[in-house]
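Every chain is numbered from 1 and lettered A, B, ... according to where its sequence line falls, protein lines coming before strand lines. Keep in mind that what you see is a predicted model, and the values were worked out from it rather than measured.
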Amino acid sequence: LIAVLGHDLVRLDRLTDAAHCLRLREAQQIVEMLDDFERQFPQVFVAIYLGVLPQSLSLKELSFWLLNQAAFNTKRSHCLNEYAVALLVDPVAKNVGLNLGYALEECLPVGFLERTLRAMRTPLWHGEYVTAVRLILKRISSRLRKTARRVPQPRDLGAPENTEAFLDASGLQLLRKSSAASRAPLDMVSKVEDNDSSEDAVQL
Amino acid sequence: MKSRGSSPIFALPIAILASLHTGYSADPEDLPLPQWSAEEIVLPEAKATDYRSEFRLGGHLWPEGFTPEAEGGVPPDPNKDELLFFIPRTGKTSPIVRSVPKPQTQPATPLRDLSQEVLSLCETAEPDGYLIDPRTLLHEVQAEDLRRLLSYHTGESKVTTYYLLLDKDEKLPTGADIGKLAAGKLAKGHTCLVVYPMEEPWRVRFFMSRDITDSVSSKYLGEILHACVQDALQASDGVEQIQRFATQLSIRLIWLERAYPTVFAAAPATELEVKLGPAEQWLPEVTPEVVIAPATQTFLPEGWERAAVLLAVSVAGLAVGLLLMILGLRAWRRRERHVVWILPEVEPVTRLGGPHCGGGGASIRYS
């Protein structure tokens with residue numbers, strides 16, 4: 001498998017339609033469903049890959065390689081592939097595969113996966129991918145709720161105490177660290193304003 | 001005719017048959033008819049004091065058990081109305097099984113007073129008629145039928161009856177001077193005025209001359225009104241209701257006249273005397289002691305009303321329960337949106353000789 005696909009790490013979106021099976025609206029609906037699922041289960045994410053595979057590569061092999069070599073663009077960057085659910089569909093060969101991270105093996109046994117895939121056969125045969133994804137997410141959600149712990153989220157959001165707390169909670173990410181030189185003029189300006197020295201202000 | 005006259009072959013048998021027929025009918029002794037003796041033909045003689053054996057026009061219509069004694073006579077029992085069998089019944093007046101009447105405290109629509117314009121029309125319209133209906137609430141044929149009945153009643157009874165027709169949402173104003181109605185003819189002789197709202201006979205107002213109300217017990221007069229209203233309520237059509245009401249009132253007034261003969265005996269001296277003063281003094285209103293209310297019409301068999309009520313309550317309860325369940329489900333789903341599910345932490349397991357994240361799974365072919 002490494003000889004065929006290599007051992008480089010790759011990056012992949014949660015929804016990849018390489019076979020061009022989805023219309024824009026359907027893709028948006030699936031992304032919304034994936035967002036909702038990740039909001040309910042913050043540790044778990046579902047990656048969907050729609051593509052035509054060569055005959056030399058099976059769905060199980062590709063899903064195994066993706067779970068171990070790919071980094072998926074999820075809402076939360078800290079999601080581990082141990083909590084990933086990979087759904088792969090080959091619309092030409094009419095194959096569908098479901099693979100899991102090792103952390104979900106106890107929650108979602110193989111028998112459950114096979115039953116879920118069999119339930120998806122009719123919508124997949126009709127090309128109704130949105131219905132198929134909704135079905136699998138519903139079944140996985142109900143199954144995960146049996147083992148997961150229920151944590152109600154507070155509805156009322158309190159105002160941050162200060163600016164630092166706001167920056168921490170805002171999700172703003174620092175692209176590069178600001179240097180001391182770039183901060184110097186601001187300090188100088190403040191000093192000039194304090195001393196009311198017009199000459200220093202002209203030099204600046 | 002030309003062919004019959006020209007063929008003598010048919011003339012002879014016809015002549016023979018005609019002679020046989022005339023000969024047979026000419027002899028009354030040969031007819032198959034019952035024969036009566038001279039004693040049987042004599043009719044019973046009428047006695048002025050014996051009301052039971054008195055032979056009157058229309059047969060022995062006097063109610064059973066009615067033996068009035070001058071003014072303190074016993075009124076007829078309304079439960080033994082044998083006379084009702086003579087009232088023509090049509091298909092619309094099939095007897096309806098009714099429940100106990102419930103008093104209607106509030107009318108379906110707010111009542112409005114009869115306008116002064118209509119009242120002034122009633123004072124001048126049809127001075128010789130007994131039906132005061134200037135707005136023609138009754139159609140021409142129906143009004144003519146009622147007028148004929150009232151004219152006939154006036155010829156048979158000493159109590160002249162006048163009808164003032166109101167619409168179903170109208171009522172007589174409080175201070176209306178009813179003495180001026182029908183060109184003031186209400187003030188002459190024994191009169192009675194019926195203010196009749198169409199299709200709502202239970203709101204009838206009944207006015208009678210003071211000489212009658214002073215002599216006849218108010219209970220008896222109230223029973224007259226009650227019987228008339230109940231008979232009118234047997235019909236569903238408004239026109240038929242007033243016809244039944246008028247017929248029943250006519251009969252009851254004749255009964256009244258015969259039950260209290262002394263009241264009407266001294267009438268000729270004051271019959272044409274026009275009464276003066278407010279109408280309330282000489283034409284008081286008769287108020288029935290029994291509450292008159294429309295019966296609730298039901299098309300259900302007797303005993304099924306309770307089942308229908310239970311069914312309606314059950315359906316309403318189910319609907320309310322279903323609504324509450326839907327609202328509860330929506331509230332639960334709204335609350336579930338804010339719930340997060342945390343899976344237990346699992347230690348990573350080294351498999352296949354290296355740190356792998358996942359594998360295995362399942363795949364099927366859906367073609």
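- Side-chain contact between B:S363 and A:N95 is absent, with no heavy-atom pair separated by less than 4.5 Å.
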Exercise. Take A:V44 and B:W341, measure what side chain to side chain contact (heavy atoms under 4.5 Å, CB included) needs, and give me the verdict at the end.
Key: CA-CA 10 Å; A:V44 189; B:W341 300 85; over 6 Å; no
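- In this structure, CD1 on B:I364 lies 10.5 Å from CG on A:L59, to the nearest 0.5 angstrom.
- When heavy atoms are compared at a cutoff of 4.5 Å, A:L104 approaches chain B solely by way of its side chain, counted from C-beta outward.
- The CD atom of B:E345 sits 10.5 Å away from atom CD of A:E82, with the distance rounded to the nearest 0.5 Å.
- No part of A:V85 comes within reach of chain B, as not one of its non-hydrogen atoms sits under 4.5 angstrom from that chain.
- When the candidates A:T122, A:L108, A:L124 are compared by the number of heavy-atom contacts under 4.5 Å with chain B, A:L124 comes out ahead.
- Looking at A:Q69, neither its backbone nor its side chain comes within 4.5 Å of chain B, counting heavy atoms on both sides.
- With values rounded to the nearest 0.5 angstrom, B:R365 atom CZ is found 13.0 Å from A:W125 atom CH2.
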Exercise. Please step through side chain to side chain contact (heavy atoms under 4.5 Å, CB included) for the pair A:Q43 and B:I342, ending with a clear verdict.
Key: CA-CA 7 Å; A:Q43 302 162 287; B:I342 303 297; 3.6 Å; yes
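- B:Y366 approaches A:D90 most closely through the heavy-atom pair OH-O, 3.7 Å.
- For chain B, no part of A:D36 is nearby; none of its heavy atoms comes within less than 4.5 Å.
- Pairing each heavy atom of A:N99 with each of B:G361, the nearest pair is OD1-N, 3.6 Å.
- If you tally non-hydrogen atom pairs under 4.5 Å between each of A:A103, A:A84, A:A86 and chain B, the highest count goes to A:A103.
- Between A:R39 and B:V339 the shortest heavy-atom distance is NH1-O, 4.2 Å.
- If you tally non-hydrogen atom pairs under 4.5 Å between each of A:V89, A:L66, A:L88, A:V96 and chain B, the highest count goes to A:V96.
- Shown here is B:K168, whose NZ atom has no more than 12 heavy atoms of other residues, nucleotides or ligands within 6.0 Å.
- Taking A:L100, A:V110, A:L117 one by one and counting their heavy-atom pairs under 4.5 Å with chain B, the maximum is reached by A:L117.
- In the displayed structure, A:K138 atom NZ is contacted under 6.0 Å by at most 12 heavy atoms of other residues, nucleotides or ligands.
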